[in-house]
Amino acid sequence: MMFDAEIGQRVAEHAAQAPGSPAVVSAEGVLTYHGLATRMERYREALMAAGLRPGDVVAMALPDGATGIAAMLAAFTAGTAFVWLDEDQPAARHRAILEDCGPTGLVTTPAGAERAAGSPPAVVTVQGDGAAVVSAAPSGPRAETVPRDTSCLVYTSGSTGRPKGIVQRSGNLLHFARWLASETGLRRGSHMLQLARLSYDAAYLEILSALDAGAAIVIPPPTVKPDGASLLPWLDGREVTHVFCVPTLIRRLLLARESAGEPPDLGMRAVSLYGEPLHSSTVDQVRAHFPGTAVYNMYGPAETTVATFHLVEPDCAGDIPIGRDIPGVETLLRAADSTSGASGASGASGASGASDDEGEVWIRTRFLARGYLGRPAETAAVFSAKDESGLRTYRTGDLARRRPDGALVFLGRRDHQVKIRGARVELAEIEAVLRAEPGVAQAAVGVFSDEQGTVHPAAYLEPVSAAKVDVRVLHRHLASVLPAYMVPAAYVMLDKLPLTATGKIDRNRLPDPNTLTSGTGARGAFETETERRLAAIWREVLDREELGPDDDFFELKGHSLMAVRIAAAVIGEFGVEIPVRAVFEHPTVRELAAYIDEEPSRS
């Protein structure tokens with residue numbers, strides 16, 4: 001039996017011991033462990049009835065919530081490998097992922113099946129306690145898409161301009177989830193807030209740690225998750241005890257609590273932060289709002305999920321270490337320019353003479369992903385073969401220093417990869433899309449921080465001689481092919497990109513977009529009631545008094561988190577749910593108002 005299938009047994013045990021205990025709390029309501037076990041089994045039976053089996057990849061196009069969690073568990077228990085398609089990602093991104101992994105099956109809602117033209121051979125629909133096989137996989141022998149011990153594919157940004165799939169081995173996720181539950185005290189009666197996108201490995205850590213321990217997983221709607229102002233009222237009465245998220249999101253939630261005058265929450269037990277550098281000022285904010293909570297700084301790339309952790313001491317100052325190795329993992333430090341195998345790496349936790357070593361972080365463990373789907377050269381470049389102990393090593397590209405007490409301190413990257421709200425982004429992927437556009441001779445992408453310290457991409461463009469680049473058209477194109485967090489929040493036109501003496505782009509000389517003036521469209525009057533009500537939302541989110549109906553969202557330095565806030569506010573103001581990408585596709589008040597007015601006819 002696949003190791004990850006044990007999560008099904010654990011859910012069934014909790015259903016038998018405490019059938020009425022909450023398992024999933026979402027916009028769908030509260031689903032008990034008895035209800036979750038029932039759904040999981042019916043969905044699993046449907047997967048098997050459709051002829052899906054280990055070695056197959058199953059794409060999941062489902063909303064966040066109880067239905068999605070039950071389908072995910074069904075895939076684990078059936079032994080199939082799943083790939084999650086986030087609802088708010090552009091269709092072009094979905095196509096790129098599906099073309100790369102070639103799924104045998106699709107799990108979606110009945111409404112989703114009607115739109116799934118050209119879908120894989122096997123289609124299963126799920127909704128509530130029901131599941132139906134729309135079409136089945138071909139019978140008889142067929143080639144396996146992935147190794148039989150694959151639990152899921154996690155797609156990250158790729159330097160070639162297309163996303164790449166990490167082949168996660170069965171057993172890895174549950175190992176780390178059980179460690180997290182044990183370390184942070186997750187148990188029956190606890191409530192874990194689920195904030196990561198369901199296509200991220202962090203989400204599986206949240207979900208599996210809670211459900212394996214008999215706790216409840218609390219899942220806000222996608223338009224609410226990234227926005228503290230919307231998240232705070234949604235959480236009212238849901239008794240969250242554990243949070244696992246990036247520092248950006250916890251800061252936004254705490255800011256919303258402060259603005260609302262919320263009293264300290266004494267029920268919070270553990271706040272675990274990952275994916276971005278953690279500073280003591282953020283820890284101080286957490287402790288002010290959640291007195292007595294344990295605060296953790298955790299580190300680990302998607303290829304290993306988690307590698308180190310640090311329980312933050314009360315008198316911390318400055319940047320927080322990423323900590324010591326978790327059980328089953330050994331971190332090593334190598335010279336950043338090393339190209340040989342992992343043998344001879346120095347700095348293993350507890351090793352003599354390891355203090356104050358600096359270098360690239362290499363992770364040695366049996367809980368490593370297999371590699372990258374269909375990319376043997378990239379896999380070989382960063383994953384070692386098994387050593388004499390049966391362990392493998394992953395070369396992270398992250399730089400760190402080991403303190404005398406053995407804890408690691410993160411120092412940055414050896415390449416141009418960045419983390420944006422916990423998501424790993426290869427700036428080269430964005431650059432590849434930009435360079436493919438007519439009129440663009442050269443492009444570079446950097447990052448900048450807004451007034452709240454949130455990181456966003458910025459595009460720097462060198463046009464072809466005498467060419468005029470229509471930045472609005474370019475921006476809309478990027479929004480149609482990239483996830484929202486990868487779409488640049490600023491565009492800077494330069495006659496020539498700055499170069500180093502060796503002819504490479506000098507990224508240190510790229511200007512900070514915060515120092516540049518925002519452009520606006522021609523002023524005019526708002527003509528409809530929808531435009532006037534929507535303009536009020538834009539003024540609040542963008543913090544601008546002067547606004548015209550044709551002012552462009554991105555020229556006003558709008559970014560993906562602001563788009564999330566606009567989408568959430570539209571629900572409250574108009575009673576219409578719009579995808580976040582609609583703000584990018586209709587980036588003026590006039591265009592978005594017209595879209596909202598048409599929306600009821602689409603439903």
Side-chain angles (χ1 to χ4, degrees), residues 1-10 54-55 76-77 79-82 144 146-154 156 164-183 200-202 204-205 207-209 212 274 298-309 322-334 338 340-351 354 360-373 375-376 378-398 400 402 406 408 424:
M1 177 177 289
M2 300 295 182
F3 181 44
D4 283 332
E6 291 183 16
I7 187 62
Q9 299 173 3
R10 292 290 292 158
F76 279 130
T77 57
T80 56
F82 69 87
E144 294 178 355
V146 293
R148 293 176 66 86
D149 67 347
T150 303
S151 62
C152 61
L153 297 177
V154 178
T156 68
K164 64 182 178 182
I166 299 171
V167 183
Q168 187 58 265
R169 295 175 62 248
S170 178
N172 294 358
L173 294 171
L174 197 53
H175 169 79
F176 293 121
R178 285 176 170 167
W179 168 81
L180 180 65
S182 175
E183 175 62 35
Y200 292 2
D201 63 307
Y204 312 144
L205 200 61
I207 294 163
L208 294 181
S209 63
D212 188 71
Y274 69 92
M298 297 189 179
Y299 162 81
E303 289 81 355
T304 60
T305 305
V306 183
T308 66
F309 76 106
I322 56 175
R324 299 174 177 272
D325 304 343
I326 72 166
V329 173
E330 181 183 23
T331 55
L332 313 165
L333 295 181
R334 289 295 303 268
S338 174
S340 59
S343 60
S346 65
S349 180
E360 182 181 1
V361 179
W362 293 38
I363 298 173
R364 184 171 178 261
T365 177
R366 74 182 183 92
F367 300 107
L368 279 184
R370 279 187 168 272
Y372 305 115
L373 183 66
R375 301 187 184 207
E378 288 189 47
T379 298
V382 293
F383 288 91
S384 75
K386 288 184 180 179
D387 61 19
E388 62 278 2
S389 301
L391 303 178
R392 297 165 64 227
T393 302
Y394 170 66
R395 178 177 183 171
T396 68
D398 292 328
R402 196 178 299 277
L408 289 179
R424 189 166 73 194

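- Judged as a ring pair (Phe, Tyr, Trp, His ring centres under 6.0 Å), and not counting sequence neighbours, Tyr200 has no contacts.
- A donor-acceptor distance shorter than 3.5 angstrom exists from the side chain of Thr308 to the backbone of Ile322, with no hydrogens or angles considered.
- Side chains of Met298 and Ile326 form no contact here, defined as non-hydrogen atoms less than 4.5 Å apart.
- Remark: Arg392 engages no residue in a side chain to side chain donor-acceptor pair (under 3.5 Å) (not counting sequence neighbours).
- Taking CZ from Arg370 and CG from Leu153, the interatomic distance works out to 12.0 Å, rounded to the nearest 0.5 Å.
- In this structure, the side chain of Thr150 does not engage the main chain of Val167 through any donor-acceptor pair within 3.5 Å.
- The two atoms that bring Ala177 and Ser209 nearest to each other are O-CB, 3.3 Å, heavy atoms only.
- Rounding to the nearest 0.5 angstrom, the gap separating the CZ atom in Arg324 from the CZ atom in Arg402 is 9.0 Å.
- Looking at residues two or more places apart in sequence or on another chain, you find a salt bridge (Lys or Arg N to Asp or Glu O under 4.0 Å) between Arg10 and Glu13, Asp212.
- Using a 4.5 Å heavy-atom threshold, the side chains of Thr156 and Lys164 count as touching.
- The two residues Val329 and Ala307 make their nearest non-hydrogen contact at CG1-O, 3.7 Å.
- For Asp325 (side chain) and Thr331 (main-chain N/O), a donor-acceptor pair under 3.5 Å exists by modelled atom type.
- Nearest heavy-atom pair, Ala369 versus Ile166, reported as atom, atom and distance to 0.1 Å: CB-CG2, 3.5 Å.
- With Ser384 contributing its side chain and Thr393 its backbone, the two residues share a donor-acceptor pair below 3.5 Å.
- Taking every heavy atom of both residues into account, Cys152 and Ala81 meet most closely at N-CB, 4.2 Å.
- Note: Phe76 and Tyr204 fail the aromatic proximity criterion, with ring centroids not under 6.0 Å apart.
- Listed for the Ser389 side chain is no donor-acceptor partner under 3.5 Å among the backbone atoms of Leu391.
- For the salt bridge (Lys or Arg N to Asp or Glu O under 4.0 Å) test, no residue two or more places apart in sequence or in another chain qualifies with Asp201.
- Here the side chains of Leu333 and Leu408 are in contact, with some heavy-atom distance below 4.5 Å.
- The distance from the CD atom of Gln168 to the CG atom of Leu173 is 4.5 Å, given to the nearest 0.5 Å.
- The two residues Pro301 and Tyr394 have their closest heavy-atom pair at CG-CE2, 3.7 Å.
- Across Leu368 and Arg169, no two heavy atoms sit closer than the pair O-CD, 3.3 Å.
- At a threshold of 4.5 Å between non-hydrogen side-chain atoms, the residues His175 and Thr305 do not count as touching.
- The ring pair (Phe, Tyr, Trp, His ring centres under 6.0 Å) search around Tyr299 returns none, not counting sequence neighbours.
- Under the side-chain contact (heavy atoms from CB on, under 4.5 Å) criterion, Thr379 pairs with Tyr372, Phe383, sequence neighbours left out.
- Counting heavy atoms from C-beta outward, Val382 and Glu303 have side chains that stay 4.5 Å or more apart.
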